[in-house]
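Lettering follows sequence order; numbering is per chain, from 1. Keep in mind it's a predicted model, so treat the numbers as computed, not measured.
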2 protein chains.
Amino acid sequence: MQETARARATEVPAQTARNAGRRPEIDREQIIQAALTLVGPNRSVATLSLREVAREAGIAPNSFYRHFRTVDELAVALIECAGRSLRTIIGAARQRVGRGQSVIGSSVEVFLAQLDAEDQFLHILLREGNVGSREFRQAVEHQLCFFEDELKVDLVRLVSLNGGAVHNPDATARAMTRLVFAMGTRALDMTAAERRALAEETVTMLRMIMVGTLAMGS
Amino acid sequence: MQETARARATEVPAQTARNAGRRPEIDREQIIQAALTLVGPNRSVATLSLREVAREAGIAPNSFYRHFRTVDELAVALIECAGRSLRTIIGAARQRVGRGQSVIGSSVEVFLAQLDAEDQFLHILLREGNVGSREFRQAVEHQLCFFEDELKVDLVRLVSLNGGAVHNPDATARAMTRLVFAMGTRALDMTAAERRALAEETVTMLRMIMVGTLAMGS
DNA sequence: TGACTGTATATACGATTGTATAGTAATATA
DNA sequence: TATATTACTATACAATCGTATATACAGTCA
């Protein structure tokens, strides 16, 4: 019976009495919050231990299993939170952009502003994309694909409005997304001044891709 | 006396009798090799424990301190090995490239061929750039800068030979490097067939940057 | 041949980890 | 009200960790 504790967490409540029993005193969100304060701005999620999270959340170690099967599952939940949060922010910023403004410039600006604001979620997406379990990495990859898709739609619409054409929308959006995330990750280790320079350089890079894809599209 | 064991590792041998004492039975290289087999193709260097490495290397845990102050120092050594190895390979490939061939295409090809060959070092550079201690991350960053510099030189020379001009050589080389590493990291989780598709897409991306920087350079 | 010196090992300690086991507190339903 | 069900805690255990301490071994040099 190695799976006892884990199995309990996924048991489907018997339909006959699914409102029975003691009420939860804590929910996933609170555990996620505890995990967030633990990882802080620099620490890796992969270094979180079950006991540590439980301690921070103020529950007994075993109670953790009521809410997550493993620490990995918590990590995936963290990543999903992070992705949702960032997409909301970037999406809102895109809508604010007037027709005359540069989508590229303002998106990068918002991205780095979020960095400066020491967003709880952002660094998780940035740092942890390449390590940890397979599930873990796929969760991050999944979030990045969301960004790519949204950017692609924006890109195609914007360019066709101006009568141009993008060479390979998928590759273009992906290149831009990955580049921004790569640069954003470097920014985590930088001072505010260095970040500004980095932002400028990133915009230059994105412009190269934009000019290139437009030239190749015609 | 918390630093006793660590201090011993850096003691400068007294000049009066520096040939005295028992000869080392193991050297850093062997420990690095042990660490490499432990991390395998997927595991993170950050998860290595001192005891584990010592076990694999066939030495007592404390003997580790004779060669490295901390596991972090071992990790940095691993990264330096990895960078040196990859640069040698890519450099050799570049020299083989005839004047008519595409530097971009063949570089990416070599890069991904190295992936397929399950190179011991490559995945370390790819996966671990964003986690671990500050020292650790800086070591990876340092290696990437080497790549950028070499690429920049190649780029400027190649383009000026054809009478063109690159817009911003630094940004161009950096964008290309970071993009290749980002894509290479994704490739680690892929099958051979998926990797081929990814390689094509990556070449497309790099071409966009190339076309863009050339257009902006004139 | 000692004495000295650097290398490696054996042993041990306290801390922390994940989790198995058993028991208590709280609630809806019969 | 009695019972079933759920949420949670307390305790315990074996494993692993980094490393302090002490000791044995293998060389060089006097």
Would you mind reading off the distance between [X] atom [atom1] and [N] atom [atom2], rounded to a whole angstrom?
{"X": "A:Asp27", "N": "D:dT6", "atom1": "CG", "atom2": "P", "result": "19 Å"}
{"X": "A:Arg23", "N": "D:dC8", "atom1": "CZ", "atom2": "P", "result": "12 Å"}
{"X": "A:Tyr65", "N": "C:dT19", "atom1": "OH", "atom2": "P", "result": "3 Å"}
{"X": "A:Ile26", "N": "D:dC8", "atom1": "CD1", "atom2": "P", "result": "7 Å"}
{"X": "B:Glu73", "N": "D:dG18", "atom1": "CD", "atom2": "C1'", "result": "16 Å"}
{"X": "B:Arg66", "N": "C:dG6", "atom1": "CZ", "atom2": "C1'", "result": "6 Å"}
{"X": "A:Glu25", "N": "D:dT9", "atom1": "CD", "atom2": "P", "result": "7 Å"}
{"X": "B:Arg22", "N": "D:dA24", "atom1": "CZ", "atom2": "C1'", "result": "8 Å"}

Stretch residues 45-59 of chain A: residues that reach within less than 4.0 Å of DNA chain C through a heavy atom: A:Ser49, A:Leu50, A:Arg51, A:Arg55

N/O (side chain, B:Ser63) to phosphate O (OP1/OP2, C:dT9) under 4.0 Å: yes

Phosphate-side-chain proximity, B:His67 and C:dA8, N/O vs OP1/OP2 below 4.0 Å: yes

Residues B:Arg157 and B:Glu150 bridged, charged N to O under 4.0 Å: no

A:Glu148 and A:Arg178 ion-paired at < 4.0 Å: yes

[X] side chain to [Y] main-chain N or O, any donor-acceptor pair under 3.5 Å?
{"X": "B:Arg127", "Y": "B:Thr185", "answer": "no"}
{"X": "B:Ser63", "Y": "B:Ile59", "answer": "no"}
{"X": "B:His123", "Y": "B:Leu115", "answer": "no"}

Other residues, nucleotides, ligands: >12 heavy atoms within 6.0 Å of B:Glu194 CD: yes

A:Arg43 side chain to A:Thr47 side chain, donor-acceptor N/O pair below 3.5 angstrom: yes

Donor-acceptor pair (no angle test) under 3.5 Å: A:Asn62 side chain, C:dT21 base: yes

